Amino acid sequence: MTEPPTATATADELQRFADGVRLHAVRMVAPHGMGYLGQALSSAEVMAALYLTAYRPEHDRMVCSPGHYVIAHFAAAALTGQLDAALLETYGHEDSDLEAIGTERSPALDLTCGTLGTGLSGAVGLALADRMLGHDGRVFVLTSDGELQEGQTWEAAMFAAHHGLGRLVALVDANDSQVDGPVSSLTTVEPVADKWRAFGWDVHDVDGHDAPAVADALGRAAESPLPSVVVARTSTSHGLDVLPPDADGHFIKLSPELAAAAVEELEARRG
Amino acid sequence: MAEQTALPRGVRPAPYPTVLKPYGNALLELARERDDVVCLSGDLTRQCEVDLFQDELPERFVHAGMAEGNMMSMAGAMARRGFKPFVHTFGVFATRRPFDQVVNSIAYPRLPVRIVGFMPGLSSPGGPSHQAIEDVAIMRAIPGMTVVDVADAVETRQAVREIVDVPGPVYLRLKRGEIPVVFDDTHRLELGQAQVLQQGGDVALVGSGMMLTSVLQAAEVLAGAGVRATIVNVPTIKPLDEETIAAVVDTVSGVVTAENHTVVGGLGSAVAEVIAEWGYACPLRRVGIADTFGEGAKSGPHLFRKYGLTTQAVVTAAWDALGAGGPPPQAPDLPVAAGEYAPV
């Protein structure tokens with residue numbers, strides 16, 4: 001299998017991009033006082049590796065399965081110029097296309113789903129269609145560890161492996177967070193990597209806040225004839241020291257004072 | 001006014017000859033002409049007549065396995081890339097199980113996926129798990145969904161070409177197995193149109209799908225008792241041809257709907273909405289499954305009798321709607337040879 005060369009990025013460039021995702025996300029959530037900031041904090045390095053080293057918008061497909069993660073995609077798309085950064089101010093406001101939970105109106109994505117567990121199937125359908133059409137692009141799909149509880153994920157995983165959809169890459173943001181609390185306290189989804197392996201996937205289990213490691217996994221995934229998954233081990237509070245230790249990772253409260261401190265921290269780090 | 005002795009327009013005399021795989025052949029013929037037609041099957045390939053497609057066009061055939069949620073979401077994504085996916089399984093597994101996927105992966109994005117559900121209502125003796133008794137109701141409730149319930153092999157063949165270019169999603173409800181040929185070659189199914197097959201004037205008999213043959217028989221029985229029935233065939237339940245139905249309601253003293261489906265939310269409900277919203281004060285009787293689940297049995301016709309999906313039920317309902325008084329006329333049993341079909 002031949003792949004067009006993908007871009008490279010230095011560790012510093014990746015980190016600056018990841019903190020840029022965090023900064024945009026803080027500014028998008030701040031006017032609402034609370035929101036899906038934790039998802040952006042946990043997936044920031046995954047987004048950096050994906051958007052800087054793997055994803056080619058003109059050639060590939062991008063699927064955001066858990067629709068509340070669109071905040072991270074919007075931020076990443078603004079950083080790459082796919083999306084007008086000025087639009088981020090409208091996130092979650094009345095009549096905005098940038099709804100807090102992704103919909104058909106969401107820009108800069110090929111597919112997103114508010115109802116969890118359906119995005120991997122969508123990505124599989126896109127990959128299957130690409131194969132029928134003779135198109136050699138890759139299909140990237142962001143999913144999460146909590147979402148793995150939805151059985152449809154595994155229907156899609158089984159199908160993708162059986163049909164050898166080697167251009168399909170799933171990224172699991174394994175942040176151990178769901179609405180009612182830590183995933184591990186509610187339903188054991190581990191061993192996540194072994195599950196994907198058992199389903200016939202090429203598996204890369206990495207520290208999801210080590211952006212070069214994620215980028216490396218995405219590069220190796222491109223060489224596999226199997227569908228690939230990058231299991232990114234992450235935290236919903238990573239990269240924002242001003243957050244209180246008891247912040248609810250699924251839906252973080254962000255007072256004006258906390259938002260200001262967060263912006264200050266992230267701007268200082270980005271330089 | 002037409003002579004009551006003549007057959008309704010475009011209709012053959014009962015009992016009807018039957019054919020096998022009219023849908024599977026029609027889809028294959030269409031797919032030979034159209035590269036954008038792809039076929040998905042949920043492990044019911046022969047039962048849904050698409051073994052014909054699989055054999056001839058395997059590169060456009062997708063065996064999705066027993067995973068209907070995944071199948072629906074995949075089909076939606078394939079439609080985004082320009083394909084016209086035809087998705088096949090039994091009606092229950094096309095609607096109840098993957099409802100969320102049909103809504104979010106197909107209907108909300110208004111994607112041209114054609115969901116084909118076999119074994120409608122109580123035509124299956126397989127029991128409640130296999131009997132799609134509320135599929136029309138739940139699909140009708142989805143914004144933008146076209147819902148089609150055809151009556152015979154002629155309509156089945158025509159429906160395939162009628163639905164392929166509908167911009168949004170379509171649910172096509174099909175009988176499995178031996179398919180009666182009720183109409184002659186002059187019959188034309190036009191999506192979104194109800195057809196008045198016979199003008200009567202006393203009572204309107206409005207039927208869809210497998211109950212159309214009961215309606216045709218009931219009209220004959222009523223004619224024998226001096227009641228002139230207007231017969232309306234409604235293959236497209238959504239969008240409903242309100243104008244045709246309202247125009248008929250305007251001319252009769254009672255309306256009977258007949259559907260192989262629960263009376264909640266299907267054809268009967270749709271017609272009731274027209275009667276009410278157009279401001280008619282016309283007695284309505286709904287023949288269908290009376291808000292109950294079916295059961296397993298040896299044969300479908302037994303269940304049609306047991307649950308009131310019969311010619312007699314339509315006759316009795318018409319008699320009642322008209323307030324005719326006295327016992328309703330009795331529908332004779334129609335003798336049926338092997339390979340023939342007649343309503344019970």
Side-chain angles (χ1 to χ4, degrees), chain A residues 60-67 99 101-106 109-137 139-141 143 147 150-165 167-168 199-200 227, chain B residues 31 34-43 53 57-87 89 93 97-115 142-144 167-169:
Chain A
D60 302 325
R61 308 279 153 190
M62 181 65 76
V63 178
C64 171
S65 185
E99 294 157 275
I101 295 173
T103 71
E104 287 300 303
R105 295 195 295 176
S106 303
L109 287 166
D110 292 291
L111 180 61
T112 178
C113 321
T115 182
L116 297 193
T118 59
L120 184 61
S121 297
V124 167
L126 293 175
L128 196 60
D130 277 350
R131 174 188 283 180
M132 287 180 172
L133 293 166
H135 179 74
D136 68 353
V139 179
F140 298 101
V141 50
T143 175
E147 192 177 24
E150 293 283 4
Q152 187 182 349
T153 300
W154 303 107
E155 295 181 0
M158 219 182 315
F159 183 98
H162 179 84
H163 291 272
L165 298 176
R167 296 185 182 278
L168 175 65
F199 275 75
Chain B
R34 302 260 312 236
D35 288 345
D36 58 344
V37 172
V38 294
C39 176
L40 289 81
S41 169
D43 198 38
F53 194 116
L57 300 168
E59 69 283 0
R60 278 190 271 150
F61 178 85
V62 180
H63 198 296
M66 277 181 281
E68 292 80 9
N70 182 53
M71 178 164 68
M72 294 301 175
S73 295
M74 283 198 309
M78 294 176 81
R80 288 176 191 271
R81 297 290 273 122
F83 288 110
K84 296 282 168 59
F86 283 67
V87 182
T89 180
F93 309 132
R97 176 180 286 262
F99 186 64
D100 185 37
Q101 289 83 359
V102 168
V103 169
N104 283 290
S105 301
I106 296 173
Y108 160 58
R110 300 186 66 83
L111 293 166
V113 176
R114 287 74 185 90
I115 300 165
I142 300 173

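Everything quoted here is computed from the prediction, not taken from an experiment. Chain letters run A, B, ... following the sequence lines, proteins first, then strands; residues in each count from 1.
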Open item on the list: Using side-chain contact (heavy atoms from CB on, under 4.5 Å), reason through A/Leu128 and B/Val62 one step at a time and then give a plain yes or no.
Closed with: CA-CA 9 Å; A/Leu128 196 60; B/Val62 180; 3.9 Å; yes
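Of the two parts of B/Arg80, only the side chain, counted from C-beta on, holds a non-hydrogen atom closer than 4.5 Å to a non-hydrogen atom of chain A. In this structure, no portion of A/Thr153 lies under 4.5 Å from any heavy atom of chain B. Looking at B/Val38, the atoms closer than 4.5 Å to chain A (heavy atoms on both sides) all sit in the side chain, from C-beta outward. Only the side chain of A/Arg61 comes within contact range of chain B, with at least one heavy atom under 4.5 Å from a heavy atom of that chain. If you measure heavy-atom distances from A/His163 to chain B, the contacts under 4.5 Å come from the side chain alone.
Between chain A and the residues B/Arg110, B/Glu59, B/Arg81, the most heavy-atom pairs under 4.5 angstrom are made by B/Arg81. Of the listed residues B/Ala77, B/Gly82, B/Ser73, the one with more heavy-atom pairs under 4.5 angstrom with chain A than any other is B/Ser73.
For the atom pair A/Thr115 OG1 and B/Asp100 CG, the distance stands at 3.5 Å (nearest 0.5 Å). Note that the CG atom of A/Leu120 and the CE atom of B/Met74 stand 10.5 Å from one another [nearest 0.5 Å]. Going from atom CD of A/Gln152 over to atom CD of B/Glu68 covers 10.5 Å, rounded to the nearest 0.5 Å. A distance of 6.5 Å separates CD of A/Glu104 from CG of B/Leu111, quoted to the nearest 0.5 Å.
Minimum interatomic distance between B/Met78 and A/Gly125 (heavy atoms only, all atoms of both residues): CG-O, 3.4 Å. Looking at every heavy atom in both residues, A/Arg105 comes nearest to B/Tyr108 through N-OH, 4.2 Å. Between B/Ala64 and A/Phe159 the shortest heavy-atom distance is CA-CE1, 4.0 Å.
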